[in-house]
Amino acid sequence: MIVEFTPATRAAGHARILLCGPPGSGKTYTALALAHSLGSRVAVVDTQHGSASWYAGTNGWEFDTLKASTFSPNSLVEILGTASGREYDALVLDTWSSYWEGADGMLEQVDRRGRSGPYNSGWKEVRPEERRMIEALLTFPGHVIVTLRSKVEHVIEVNEHGRKEVRRVALKPIQRDGVEHDFDIVGDLDERNALTVSKTRFPLLAREVIDRPGAELAELVGEWLADGERRPTVAEYRDRALADDQTPATLRELYVELDRELMLGAPTLDGDGNPTVLGDLVANRGRALQAAAEAAGGAA
């Protein structure tokens with residue numbers, strides 16, 4: 001393995017925003033507000049029985065929606081590949097918690113596969129699928145706004161008038177611990193729809209509390225993300241992979257380039273319009289061209 005350090009450069013990119021909060025904190029509304037401020041063509045993966053569609057037409061919002069009913073990690077990769085092919089500017093996943101505890105989600109996958117033996121917890125098989133799902137989210141060729149439900153606990157407190165009152169307190173989000181680390185902005189919404197930024201790569205937002213976040217926040221984030229070096233897009237890499245002049249050797253070089261740019265897991269469509277990821281697209285096409293070359297040599 002060759003190890004080489006290169007000068008750091010900022011790449012112009014897309015937002016990766018994670019919104020956490022209890023029921024009623026405005027996660028769906030806020031995600032839609034940010035998405036429509038960041039892009040003109042918006043897609044929503046709705047895991048909550050079509051609840052996002054109630055906002056269609058609000059503030060002039062127009063968006064396409066997919067109502068997901070089963071939540072395996074691989075199914076989300078397919079959805080993202082299809083959305084990538086449709087070239088949406090922004091994608092809202094509302095809510096990612098369903099892919100953890102929902103039907104056919106991570107917990108059910110682990111439980112189902114762990115029944116094959118006393119020493120098999122199921123995680124060994126499911127972890128690669130989870131990583132594939134996360135990579136597809138992070139490399140989607142558009143802005144991504146993800147919501148997570150938070151567990152809620154009711155506590156009794158004494159208010160400023162000396163009276164006891166019940167208050168809802170948001171606890172940890174419903175997803176695997178640590179998934180927030182790969183997002184650019186992570187915020188916790190409260191019942192007043194105020195966003196507390198708990199983690200960010202954008203220095204100006206560190207520890208900020210933003211009331212009813214929307215267009216102003218999106219504009220600030222958009223300007224920050226645009227100030228960087230342009231990199232090849234997923235669509236451009238796909239076009240290169242499917243070009244007529246590709247050979248097994250040039251596709252191997254392209255695979256190495258994608259690996260270096262951390263784009264192997266980027267969701268896209270194959271040559272037949274089926275959802276896949278760039279790494280599989282390049283590898284499968286390379287194998288197909290190699291097989292065709294060997295067959296032609298044998299025929300000769």
Side-chain angles (χ1 to χ4, degrees), residues 13-65 88-98 137 142-155 157 159-160 165-175 179-180 183-227:
H14 297 100
R16 300 290 180 259
I17 301 174
L18 183 63
L19 303 174
C20 311
S25 58
K27 296 185 297 296
T28 304
Y29 181 93
T30 302
L32 288 169
L34 292 172
H36 282 88
S37 297
L38 287 166
S40 57
R41 298 189 65 242
V42 175
V44 178
V45 181
D46 190 332
T47 73
Q48 303 186 94
H49 304 284
S51 63
S53 296
W54 286 99
Y55 293 105
T58 302
N59 301 324
W61 295 340
E62 296 180 358
F63 54 90
D64 295 339
T65 183
Y88 289 106
D89 300 316
L91 181 136
V92 173
L93 173 54
D94 186 41
T95 165
W96 197 20
S97 294
S98 298
L137 269 175
H143 303 289
V144 174
I145 301 97
V146 174
T147 71
L148 285 179
R149 294 189 299 268
S150 296
K151 295 180 179 179
V152 176
E153 182 179 83
H154 291 82
V155 298
E157 296 181 341
N159 62 25
E160 64 273 17
E165 61 180 19
V166 178
R167 188 169 70 88
R168 292 196 307 172
V169 177
L171 303 177
K172 62 181 295 186
I174 300 174
Q175 248 294 350
V179 295
E180 71 277 7
F183 287 81
D184 301 319
I185 299 171
V186 180
D188 299 299
L189 288 160
D190 62 21
E191 292 175 315
R192 298 179 296 106
N193 193 219
L195 179 72
T196 300
V197 179
S198 56
K199 180 255 180 182
T200 182
R201 295 188 175 99
F202 186 15
L204 291 179
L205 289 179
R207 300 181 182 179
E208 286 292 307
V209 177
I210 304 165
D211 188 46
R212 297 181 64 82
E216 290 185 7
L217 173 60
E219 182 179 356
L220 193 64
V221 171
E223 291 176 355
W224 173 55
L225 290 169
D227 183 21

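Along the sequence shown, residues carry numbers from 1.
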Look up atom [atom1] in [X] and atom [atom2] in [Y], then write down how far apart they are to the nearest 0.5 Å.
{"X": "L205", "Y": "I210", "atom1": "CG", "atom2": "CD1", "value": "5.5 Å"}
{"X": "I17", "Y": "I185", "atom1": "CD1", "atom2": "CD1", "value": "4.5 Å"}
{"X": "L137", "Y": "L93", "atom1": "CG", "atom2": "CG", "value": "6.0 Å"}
{"X": "L225", "Y": "R16", "atom1": "CG", "atom2": "CZ", "value": "9.0 Å"}
{"X": "I145", "Y": "T28", "atom1": "CD1", "atom2": "OG1", "value": "12.0 Å"}
{"X": "K27", "Y": "N193", "atom1": "NZ", "atom2": "CG", "value": "10.5 Å"}

Is [Y] close to [X] at the side-chain level, that is, under 4.5 Å between some pair of heavy atoms?
{"X": "L195", "Y": "L217", "answer": "yes"}
{"X": "Y88", "Y": "L91", "answer": "no"}
{"X": "F202", "Y": "L220", "answer": "yes"}
{"X": "L19", "Y": "S25", "answer": "no"}

Ignoring hydrogens, what is the shortest heavy-atom contact between [X] and [Y]? Give both atom names and the distance.
{"X": "A35", "Y": "V92", "result": "CB-CG2, 3.6 Å"}
{"X": "S37", "Y": "A215", "result": "OG-CA, 3.3 Å"}
{"X": "L38", "Y": "A15", "result": "CD1-CB, 4.2 Å"}
{"X": "F183", "Y": "V186", "result": "CB-CG2, 4.0 Å"}
{"X": "P213", "Y": "A33", "result": "O-CB, 4.4 Å"}

Original post:
Going by the angle between their ring planes, with limits at 30° and 60°, are W61 and Y29 parallel, tilted or perpendicular?
Top reply: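 Rings of W61 and Y29: tilted, 30 to 60°.
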Subject >> Pair D190, T196: side-chain N/O donor-acceptor within cut-off below 3.5 Å >> reply: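 No, no side-chain donor-acceptor pair sits under 3.5 Å.
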Subject >> Summary of salt bridge (Lys or Arg N to Asp or Glu O under 4.0 Å) pairs that have at least one residue in residues 193-222, sequence neighbours excluded >> reply: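 Passing the test, one end in residues 193-222: D184-R201.
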Original post:
Is there any side chain to side chain donor-acceptor pair (under 3.5 Å) pair reaching into residues 38-57, and which pairs are they, with sequence neighbours excluded?
Top reply: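 Of all non-adjacent pairs touching residues 38-57, those that pass side chain to side chain donor-acceptor pair (under 3.5 Å) are S40-D89, T47-S98, Q48-D94.
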